[in-house]
2 protein chains.
Amino acid sequence: MSDLVERLRERGWRMTVQRRIVAEVLDGEHMHLTADEVHARATARLPEISRTTVYNTLGDLVALGEVLEVATDGRARRYDPNAHRSHQHLLCSRCGAIRDVHPVGDPLADLPAGERFGFALSHAEITYRGLCPECAAPGA
Amino acid sequence: MSDLVERLRERGWRMTVQRRIVAEVLDGEHMHLTADEVHARATARLPEISRTTVYNTLGDLVALGEVLEVATDGRARRYDPNAHRSHQHLLCSRCGAIRDVHPVGDPLADLPAGERFGFALSHAEITYRGLCPECAAPGA
DNA sequence: TATTGACTTGGACTGTGTCCATCGTAGGAT
DNA sequence: ATCCTACGATGGACACAGTCCAAGTCAATA
């Protein structure tokens with residue numbers, strides 16, 4: 001299963017029990033967990049793992065480009081293990097559910113040079129908002 | 001834009017010194033301030049204004065649709081007084097500076113029906129990321 | 001100007017994230 | 001297989017963002 005763990009080892013990442021567990025927790029989830037949710041799941045497998053280690057490891061994974069950090073609401077950041085395929089997010093305005101989506105085209109192309117203010121653009125993050133089928137249903 | 005203050009009064013908002021000052025602080029800025037930055041500027045004019053009141057007032061303004069809340073990085077939320085003209089944001093990855101920008105085209109058009117998962121889309125928020133001229137400069 | 005209920009205050013509290021001194025250990029060297 | 005040591009883990013304290021609450025204050029109305 002863990003492509004991820006293998007890739008990290010090949011890149012000279014010192015593999016500790018803690019790091020492996022954090023990577024596996026992320027890898028096994030198709031949701032976008034917060035740091036504390038990752039910590040909770042990791043704790044189930046290694047009770048003495050510290051919060052700091054989880055934060056450090058998540059930060060490292062983001063720096064390595066293996067995981068994306070998503071800030072949807074100004075509360076806890078969420079971690080998205082699906083970093084290898086470019087994608088955007090679809091968020092339900094009512095219940096907060098998130099899905100990965102894949103729009104067509106290059107969003108950077110839509111920002112004219114005159115609107116770039118000298119910035120060196122790296123990428124664009126798009127959050128589509130709306131109501132999910134459950135929340136839009138009249139009876140629900 | 002005592003427009004803003006007027007609009008609020010017409011909508012039955014009880015106008016207090018504190019609320020007027022918060023509205024004026026936002027109105028007078030073309031940056032996107034955090035709640036604590038608003039509080040600092042308000043304090044310069046009314047030293048005893050409380051943090052809670054600033055938070056309450058900002059929350060009310062957002063609920064009234066007069067101000068937009070922007071969550072860019074999972075740290076402090078920023079408040080954007082320019083709620084009446086559709087726009088997106090350009091964010092410096094290093095220093096966190098934000099500018100309003102106006103891309104061309106309709107971002108919703110880029111999301112194929114097959115990628116909408118039954119959601120009733122309302123709008124899309126785009127954050128362009130990159131380095132601002134100051135942070136990109138070698139010596140800075 | 002008196003009344004009243006909405007608003008403000010400030011301190012305590014929660015949640016999220018970071019820092020740091022100290023201890024432990026993965027992985028190379030022998 | 002064992003030793004070494006630099007890198008990683010720990011956990012408690014701290015910092016920051018935001019919320020809650022009980023008590024005091026005041027804007028709007030009559």
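A, B, ... follow the sequence lines: proteins, then strands. Residue 1 opens every chain. Values in this document were obtained by computation on a predicted structure and should not be read as measured data.
Protein atom CD of A:Glu48 is 13 Å distant from nucleotide atom C1' of D:dG11, rounded to whole Å. Here the P atom of nucleotide C:dT16 and the OH atom of A:Tyr79 are 12 Å apart, to the nearest Å. Atom CZ in A:Arg20 sits about 15 Å away from atom C1' in D:dA9, given to the nearest Å. Distance A:Leu33 CG to C:dT16 P: 13 Å, rounded to the nearest Å. Rounded to a whole Å, the CG atom of A:Leu8 is 16 Å from the C1' atom of C:dA26. Here the C1' atom of nucleotide C:dC7 and the CZ atom of B:Arg19 are 6 Å apart, to the nearest Å. One can place OH of A:Tyr55 at 13 Å from C1' of D:dC16, the figure rounded to the nearest angstrom. Rounding to whole angstrom units, CH2 of residue A:Trp13 and P of D:dG8 are separated by 9 Å.
Between the base of D:dC26 and the side chain of B:Arg14 there is a donor-acceptor pair shorter than 3.5 Å. Between the side chain of A:Thr57 and the base of D:dG8 there is no donor-acceptor pair of N/O atoms closer than 3.5 Å. In the interface, the side chain of A:Thr16 is not paired with the base of D:dG8 through any donor and acceptor atom under 3.5 Å apart. At a cut-off of 3.5 angstrom, counting only N and O atoms as typed in the model, there is a donor on one side and an acceptor on the other between the side-chain of B:Arg51 and the base of D:dG18.
When the nucleotides D:dA28, D:dT10, C:dT18 are ranked by their closest atom to the side chain of A:Arg77, C:dT18 comes out on top. For B:Ala76, taking side-chain heavy atoms from C-beta onward, the closest of the listed nucleotides D:dT10, D:dA28, D:dA17 is D:dA17. Looking at the side chain of B:Arg9, the nearest of the listed nucleotides C:dT9, C:dT18, D:dA28 is D:dA28.
Here B:Gln18 does not reach the OP1 or OP2 of D:dT25: none of its side-chain N or O atoms lies under 4.0 Å away. Look at B:Ser50 and you won't find any side-chain N or O under 4.0 angstrom from OP1 or OP2 of C:dT8.
A salt bridge links A:Glu66 with A:Arg11; the closest basic N to acidic carboxylate O contact falls under 4.0 Å.
B:Arg99 contributes no side-chain N or O that, together with a main-chain N or O of B:Leu90, makes up a donor-acceptor pair within less than 3.5 Å. Remark: side-chain polar atoms of A:Glu69 are not paired, donor with acceptor, to backbone N or O of A:Tyr79 under 3.5 angstrom. Between the side chain of A:Ser122 and the main chain of B:Arg129, a donor-acceptor pair closer than 3.5 Å is present.
B:Leu131 and A:Leu108 are assigned to two separate hydrophobic clusters, defined by single-linkage of ILVMFWY side chains at heavy-atom distances under 4.5 Å.
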